[in-house]
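Notes for the one structure printed next.
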Amino acid sequence: MTPSAPRSHSLPPTPAQTVGPFFGYALPFAGGARIAVDGDPDPITVHGQVFDGAEVPIPDALVEIWQADRDGSLTGAPGSLRHDQVTGEVIGRDGTAFTGFGRVPTDADGHWAVRTVAPGPHRPGAVPYLAVAVFARGLLHHLHTRVYLPEHADGLRAQFPDLPDSRLATLLARRERAGVYRFDIRLQGEEETVFFDFR
């Protein structure tokens with residue numbers, strides 16, 4: 001038996017590891033941006049860009065949306081994703097059920113968009129919002145934030161009374177026109193989006 005070499009107890013540090021970029025290539029699926037059902041009479045579009053700390057758009061981030069339906073139900077629609085019967089690969093939504101979940105990659109300009117419905121309060125007195133998870137290169141853990149629609153601005157201020165208006169503004173979508181809202185996500189910088197601990 002050959003004796004093994006003695007282990008060194010003074011190993012040099014290794015470089016920090018980052019994650020990605022691969023989220024935008026591996027995880028999206030067809031119809032991931034269509035949270036509202038086909039033919040919904042009152043859908044909304046929520047869109048924006050994801051920026052890094054230098055205000056540069058991130059082209060390969062991934063944005064997930066989790067939300068209640070307009071009645072506040074969090075039931076979702078398990079089984080509403082269609083799979084290829086041969087490969088088992090996810091090929092898209094069935095388009096007939098509100099899932100409460102969307103997953104979209106950012107494009108070359110860091111832009112993302114979902115077609116959904118305005119969420120209702122998930123419990124009495126709750127302020128409606130879209131929960132957002134952001135995955136991007138360099139993030140070891142995804143980030144959580146929320147999108148509040150401008151019609152709930154007063155409720156947002158009441159929910160977070162200690163946050164200054166400049167920080168609250170990062171949680172508030174901007175109404176561009178009827179049924180269309182803009183919500184940019186900034187991972188760092190002076191206008192960094194407010195992110196939440198998820199427990």
Name the atoms and distances for all side-chain donor-acceptor pairs under 3.5 Å in residues 152-165, with sequence neighbours left out.
{"unit_1": "Asp154", "atom_1": "OD1", "unit_2": "Arg157", "atom_2": "NH1", "d": "3.2"}
{"unit_1": "Gln159", "atom_1": "OE1", "unit_2": "Tyr148", "atom_2": "OH", "d": "3.2"}

Anything under 3.5 Å between a donor and an acceptor, one on a side chain of residues 166-173, the other on a protein residue two or more places apart or in another chain? List them.
{"unit_1": "Arg167", "atom_1": "NH1", "unit_2": "Glu192", "atom_2": "O", "d": "2.3"}
{"unit_1": "Arg167", "atom_1": "NH2", "unit_2": "Glu192", "atom_2": "O", "d": "3.3"}
{"unit_1": "Thr170", "atom_1": "OG1", "unit_2": "Arg167", "atom_2": "O", "d": "2.7"}
{"unit_1": "Thr170", "atom_1": "OG1", "unit_2": "Val194", "atom_2": "N", "d": "3.1"}

N/O donor-acceptor pairs under 3.5 Å from side chains in residues 40-48, not counting sequence neighbours:
{"unit_1": "Asp40", "atom_1": "OD1", "unit_2": "Asp42", "atom_2": "N", "d": "2.8"}
{"unit_1": "Asp40", "atom_1": "OD1", "unit_2": "Arg70", "atom_2": "NH2", "d": "3.1"}
{"unit_1": "Asp40", "atom_1": "OD2", "unit_2": "Arg70", "atom_2": "NH1", "d": "3.2"}
{"unit_1": "His47", "atom_1": "ND1", "unit_2": "His111", "atom_2": "NE2", "d": "2.8"}
{"unit_1": "His47", "atom_1": "NE2", "unit_2": "Glu176", "atom_2": "OE1", "d": "2.7"}

Taking distance alone, no hydrogens or angles, what donor-acceptor pairs closer than 3.5 Å link side-chain atoms of residues 31-38 to residues at least two apart or in another chain?
{"unit_1": "Arg34", "atom_1": "NE", "unit_2": "Asp38", "atom_2": "OD1", "d": "3.4"}
{"unit_1": "Arg34", "atom_1": "NH2", "unit_2": "Asp38", "atom_2": "OD1", "d": "3.3"}

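Screening residues 95-105 for salt bridge (Lys or Arg N to Asp or Glu O under 4.0 Å) gives Glu64-Arg103 as the qualifying pairs, with residues at least two apart or on separate chains. Residue pairs meeting the salt bridge (Lys or Arg N to Asp or Glu O under 4.0 Å) criterion with at least one partner in residues 179-190, sequence neighbours excluded, are Glu55-Arg186, Arg182-Asp184. For residues 74-93, there are no ring pair (Phe, Tyr, Trp, His ring centres under 6.0 Å) pairs, not counting sequence neighbours.
Both Phe183 and Tyr181 sit in one connected hydrophobic cluster of ILVMFWY residues. Membership requires side-chain heavy atoms under 4.5 Å apart, directly or through other members. Clustering ILVMFWY residues whenever any of their side-chain heavy atoms sit less than 4.5 angstrom apart, transitively, puts Val132 in the very cluster that holds Ile58. Residue Ile65 is grouped with residue Val117 when hydrophobic side chains (ILVMFWY) are merged at heavy-atom distances under 4.5 angstrom, including chains of intermediate members. Placement of Leu130 and Leu74 in two distinct hydrophobic clusters is found when ILVMFWY residues are connected by side-chain heavy-atom separations under 4.5 Å, directly or transitively.
Applying the ring pair (Phe, Tyr, Trp, His ring centres under 6.0 Å) rule to His142 yields the partners Phe135, His144; only residues at least two apart in sequence or on another chain are considered. With sequence neighbours left out, the side-chain contact (heavy atoms from CB on, under 4.5 Å) criterion links Ala54 to Asp52, Val56. Take Thr99 and apply the side-chain hydrogen bond (donor to acceptor under 3.5 Å, both in side chains) test, not counting sequence neighbours, and it matches Arg93. Taking the side-chain hydrogen bond (donor to acceptor under 3.5 Å, both in side chains) definition, one finds that Gln188 meets it with nothing, sequence neighbours left out. Listed by chain and number, the residues in a ring pair (Phe, Tyr, Trp, His ring centres under 6.0 Å) with Phe101 are Trp66 (sequence neighbours excluded).
A side-chain donor-acceptor contact under 3.5 Å links Asp84 to the backbone of Val86.
In this structure the side chain of Phe98 never reaches within 4.5 angstrom of the side chain of Asp71, judged on heavy atoms. Looking at Val104 and Leu62, their side chains never come closer than 4.5 Å, going by heavy atoms from C-beta outward. At a threshold of 4.5 Å between non-hydrogen side-chain atoms, the residues Pro59 and Arg137 count as touching.
Across Ala61 and Ala136, no two heavy atoms sit closer than the pair CB-CB, 4.0 Å.
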Could you go through the side-chain contact (heavy atoms from CB on, under 4.5 Å) check for Tyr129 and Val147 one step at a time? CA-CA 5 Å; Tyr129 63 85; Val147 179; over 6 Å; no
Dump the intermediate steps for side-chain contact (heavy atoms from CB on, under 4.5 Å) on Val180 and Arg175, then the final yes or no. CA-CA 6 Å; Val180 179; Arg175 186 175 182 272; over 6 Å; no
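Side-chain contact annotation: Gln49 with Thr106, donor-acceptor N/O pair under 3.5 Å absent.
Atom CG of Leu143 and atom OG1 of Thr193 lie 9.0 Å apart (nearest 0.5 Å).
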